[in-house]
Amino acid sequence: MSDLVLAAEQAHLAAARAALAAMRARSADWSTAIGGDHVSTQHLRQQLYRRRESLADDPAVPLFFGRIDYALALGAEVDETCYIGRRHIEESIGGDPLVMDWRAPLALPFYRARAGEPMGVRLRRRFGFQHGEITAYEDERLSETGGSGPSTLLEAEIERPRSGPMRDIVATIQPDQDVLVRADLDDSLAIQGAPGTGKTAVGLHRAAYLLYAFRNRLARSGVLVLGPNDSFLGYIGDVLPALGEIDATQETIESLVCSPGLAVTGTDEPAVAVLKGDARMAEVLRRAVWSHVRPPEQGVEVAVGHRLVRIPAATIADVLDDLAGRGTRYEAGRAMLSQRLAHHVLLRLEAAGDTTDDRVQARIARSAPVRAAGRQLWPQLTALAVVHALLSDAALLERAAEGILTDREQALLIGHRPPRSLRSRRWSIADAVLVDEASDLLNRQPSLGHVIIDEAQDLSAMMLRAAGRRASTGSVTLLGDLAQATTPWGISDWATALAQVGHPEAAVTELVEGFRVPGAVIDYAARLLPHIAPELTPPHWIRRSRGELTIEPADPLAEVAARVAKLAEREGTLGVIVPSTWVEDVDRALEVIEHGVLGVMQRDPESVARVEIVDAQLAKGLEFDHVLLLEPARLVAAEPERVIGLRRLYVCLTRAVTSLTVLHGEPLPVELDR
């Protein structure tokens, strides 16, 4: 390694930092910007403020992580050097870039070029950093056919210990991941990813790429990232801002479907939740909503000046049938009814020789007889009232579910003592999803440009429909692992999930190369795959370090404090994954050790806990450098079905990046034996 080369690269980093500071200074006057009106001014100032914040420099984060040298002799348009980083940095307005945004087309070969297929690139250079400063570099000469073997700096970056929430992988994206990240906005994807294959990171980087490459389209329609719970969203929350993107919305399924006036305060028995999440409930709800449109019992008489015009019941019935058969939403049809009735009055007036115009039709549509007929024939509904009535009124449910749900299933939905009123009902998350479906039947849900659904395997068909409605004219990326499906209502295959989300044409890709989970750990956890997802390809690890796996019989509660104290001496984060009923016991056992409890406010809100107690129910999607897992058999037994318990165990076993220690007082599940 040449000291002169290193010094030159350090000088380029200093120049890039100075240029970024200048870019931020040029955007500092956002507060004085003026638009055409008050609303435009506020929008303009918000955009400029966001632009300024995206240019903030964190000295601990390198402004670039790699470099590619294009060569005319290898087919490039010019001999050119491009530094690749998280954002574009230029010397002056319109000047040459000092750093190229990783999403730019010119940056593509950094991820995909290889010996024999250099894509016009002579040299690829990766940088090693400490505290934001360049300390090393590593060159790969792509014009040479033999290649240079594994990248030491790349492996070091992949294995670098965590110090808090999830970070971006922009410096380590692999070629097969990059293909998925840069897929076109119009392409929907389903990514089946084994633990440690980076599926969540791929999804987040796809969001960042789409916001860059299709900014004009997505500025109007938006991007949504849907995660399994608030803890997970907190874990991934820093990734997109670190990539300069703050416009994507992040939600859970609960926050997505809970409109004002609806809060989840109850829970369902598993069998009830499974039934409420069944795709058949969509048709039951559709029937329940449209059953409120009543056939006319008599005609309608409207006084217009000196004339009394009568609309026969048969004509009104034809109008109702036509509106209901158009595929319009319920409320849109209700709004159109008065105009259609008024139109028939006008036809009769014109047939009698009267002169009419739009003002006459509008006046007739507002007349008392027409409005009264509308209220009687096509009453106004609310989604909450529709769902409450359906789940409380056995006769209404029987009519709506005829030929769809069995008598036993209908009885299961109603329950023994259904709530008498809306105010007394304790809404479950499955209920809230039904309300969201009913809301869309009443008024069409606006569509976003792209929706990314993580841990999609845990969503019911009705939940997937709720997510898919947000992308009815856009596209989706489904992320998940069928082997980690731990809800009784989860999907069993990606074709079903894509059909329910409304994009059956989407391609399914399987990621099986593990970058984060050590080989010793993934091999051990994979013993469960024949029992939980035999159709999946077993994952394999590509890191040279196999990591550490320790499995010991012990009294977990008696030993946990000593083991945590020892493991906490090591660099990186430590997750203590425990059965749900043990969280408080372990919290007390660790009272002399500084730690946090996932999902519970930290003792010091400003601190980030290196040691965290993790309820096994919340472990999915998270990573820790070291994991201490207590009593696997109890984790399995806590679930309603053994296969779900084994999937829960598979999740918990695969959260470690460096080492996994398992303490068990009870015999390990027999499925872990070879």
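In this text the structure is predicted, and so the values were computed from the model without any measurement.
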- Is the shortest heavy-atom distance from the side chain of Pro556 to the side chain of Arg634 under 4.5 Å? no
- Lys/Arg-Asp/Glu bridge criterion (N-O < 4.0 Å) met for Glu437, Arg469: yes
- Query: Are Val564 and His595 close enough that some pair of their side-chain heavy atoms sits under 4.5 Å apart?
  - Reply: no
- So, the side chain of Thr661 versus the backbone of Thr550: is there a donor-acceptor pair under 3.5 Å, distance only? no
- Candidate pair Gln174 and Glu513, rule side chain to side chain contact (heavy atoms under 4.5 Å, CB included), full reasoning: CA-CA 10 Å; Gln174 299 299 295; Glu513 292 187 338; 5.9 Å; no
- Point-to-point distance, once rounded to the nearest 0.5 Å, from CG of Leu649 to CZ of Arg642: 9.5 Å
- Trace of the side-chain hydrogen bond (donor to acceptor under 3.5 Å, both in side chains) decision for Gln192 with Trp494: CA-CA 8 Å; Gln192 157 64 43; Trp494 290 114; 3.0 Å; yes
- Query: Centre of Tyr212's six-membered ring, under 6.0 Å away, within 45 degrees of the axis: is that where NZ or CZ of Arg87 sits?
  - Reply: no
- So, Gln177 side chain and Thr197 main chain: donor-acceptor pair closer than 3.5 Å or not? yes
- Query: Looking at Ala194 and Pro539, what are the two nearest heavy atoms and their distance?
  - Reply: CB-CB, 3.4 Å
- Query: Do side-chain atoms of Glu631 reach the backbone of Glu666 as a donor and acceptor pair under 3.5 angstrom?
  - Reply: yes
- Does His88 use its side chain to pair, donor to acceptor, with the backbone of Ala104 at less than 3.5 Å? no
- Checking side chain to side chain contact (heavy atoms under 4.5 Å, CB included) for the pair Leu459/Ile491: CA distance, chi angles, key distance, verdict? CA-CA 7 Å; Leu459 300 183; Ile491 53 99; over 6 Å; no
- Item | Chi angles and distances behind the side chain to side chain contact (heavy atoms under 4.5 Å, CB included) call for Leu180, Arg206 | CA-CA 7 Å; Leu180 299 174; Arg206 175 155 168 70; 5.8 Å; no
- Counting N and O atoms only, with roles assigned by atom type, does the side chain of Arg217 sit under 3.5 Å from a partner on the main chain of Gly449, one being a donor and the other an acceptor? no
- Task: Using a 4.5 Å cut-off on heavy atoms from C-beta on, say whether the side chain of Val181 contacts that of Arg103.
- Result: no
- Query: Can you tell me how far CD of Glu623 sits from OG1 of Thr200, rounded to the nearest 0.5 angstrom?
  - Reply: 8.5 Å
- Task: Mind listing the closest non-hydrogen atom pair of Ile429 and Glu254 along with its distance?
- Result: CD1-CA, 3.5 Å
- For Arg125, check side-chain hydrogen bond (donor to acceptor under 3.5 Å, both in side chains) against everything at least two apart and list the hits. Glu9, Asp139
- Message: Under a 4.0 Å threshold between the charged nitrogen and the carboxylate oxygen, would Arg610 count as salt-bridged to Asp625?
- Response: no
- Does Lys620 reach the main-chain N or O of Gln484 with its side chain, forming a donor-acceptor pair under 3.5 Å? yes
- Non-hydrogen side-chain atoms of Met462 and Lys276 separated by less than 4.5 Å: no
- Task: Please check if atom CD in Glu117 has more than 12 non-hydrogen atoms from other residues, nucleotides or ligands closer than 6.0 Å.
- Result: no
- Message: Tell me whether Arg124 is salt-bridged to Glu140, with the criterion being a basic N under 4.0 Å from an acidic carboxylate O.
- Response: yes
- Message: With a 4.5 Å cut-off on side-chain heavy atoms, are Pro195 and Asp481 touching?
- Response: yes
- Note on the structure: For Leu210 and Ala183, the nearest pair of non-hydrogen atoms, with its separation, is CD2-O, 3.7 Å
- Message: Any carboxylate oxygen within less than 4.0 angstrom of a Lys/Arg side-chain nitrogen, looking at Glu251 and Arg470?
- Response: no
- Message: So does Glu138 get a backbone contact from the side chain of Arg126, meaning a donor-acceptor N/O pair under 3.5 Å?
- Response: no
- Note on the structure: OG1 (Thr486) and CG (Asp458) are apart, to the nearest 0.5 Å, by 4.0 Å
- Query: Among Leu256, Leu226, Leu224, Leu448, which one satisfies side chain to side chain contact (heavy atoms under 4.5 Å, CB included) with Thr249?
  - Reply: Leu224
- Can any side-chain N or O of Ser188 pair as donor or acceptor with the backbone N or O of Val476 at less than 3.5 Å? yes
- In terms of heavy-atom contacts, Gly621 and Arg655 come closest through N-NH1, 3.4 Å
- Message: Tell me the closest heavy-atom pair linking Ala467 and Val501, and the distance in Å.
- Response: C-CG2, 4.5 Å
- Message: Using the rule side chain to side chain contact (heavy atoms under 4.5 Å, CB included), only one of Val583, Leu618, Asn229 pairs with Leu598; which is it?
- Response: Leu618
- Output, in order, the C-alpha distance, side-chain angles, deciding distance and verdict of side-chain hydrogen bond (donor to acceptor under 3.5 Å, both in side chains) for Ser475 and His503. CA-CA 8 Å; Ser475 54; His503 292 273; over 6 Å; no
- Item | Donor-acceptor pair, side chain of Asp436 and main chain of Val433, under 3.5 angstrom | no
- Report the C-alpha distance between Met100 and Ile68 in whole Å, list the side-chain angles of each, state the deciding distance to 0.1 Å, and finish with yes or no for side chain to side chain contact (heavy atoms under 4.5 Å, CB included). CA-CA 10 Å; Met100 183 80 65; Ile68 49 177; over 6 Å; no
- Message: Would you say that Asp454 contacts Val225 through its side chain, given a criterion of any heavy-atom pair below 4.5 Å between the two side chains?
- Response: no
- How far does NE2 of His450 sit from CG of Leu185, to the nearest 0.5 angstrom? 7.5 Å
- Report yes or no: does Asp440 contribute a side-chain atom to a donor-acceptor pair with the main-chain N or O of Gln445 at less than 3.5 Å? yes
- Note on the structure: Output for pair (Ile577 CD1, Leu630 CG), nearest 0.5 Å, gives 9.0 Å
- Item | Whether over 12 other heavy atoms sit under 6.0 Å from Glu552 CD | yes
- Query: How far does CE of Met281 sit from CG of Leu434, to the nearest 0.5 angstrom?
  - Reply: 5.0 Å
- Do the side chains of Arg647 and Glu639 get nearer than 4.5 Å, heavy atoms only? no
- Note on the structure: Scanning both residues in full, the closest heavy-atom pair of Val512 with Pro538 reads CB-O, 4.4 Å
- Task: For a ring pair (Phe, Tyr, Trp, His ring centres under 6.0 Å) with Phe64, tell me which candidate from Phe127, Phe110, Trp102 qualifies.
- Result: Phe127
- Task: Can you label the angle between the Tyr111 ring and the Phe65 ring as parallel, tilted or perpendicular, going by 30° and 60°?
- Result: tilted
- Query: Does the side chain of Ile551 reach to within under 4.5 Å of the side chain of His664, using non-hydrogen atoms?
  - Reply: yes
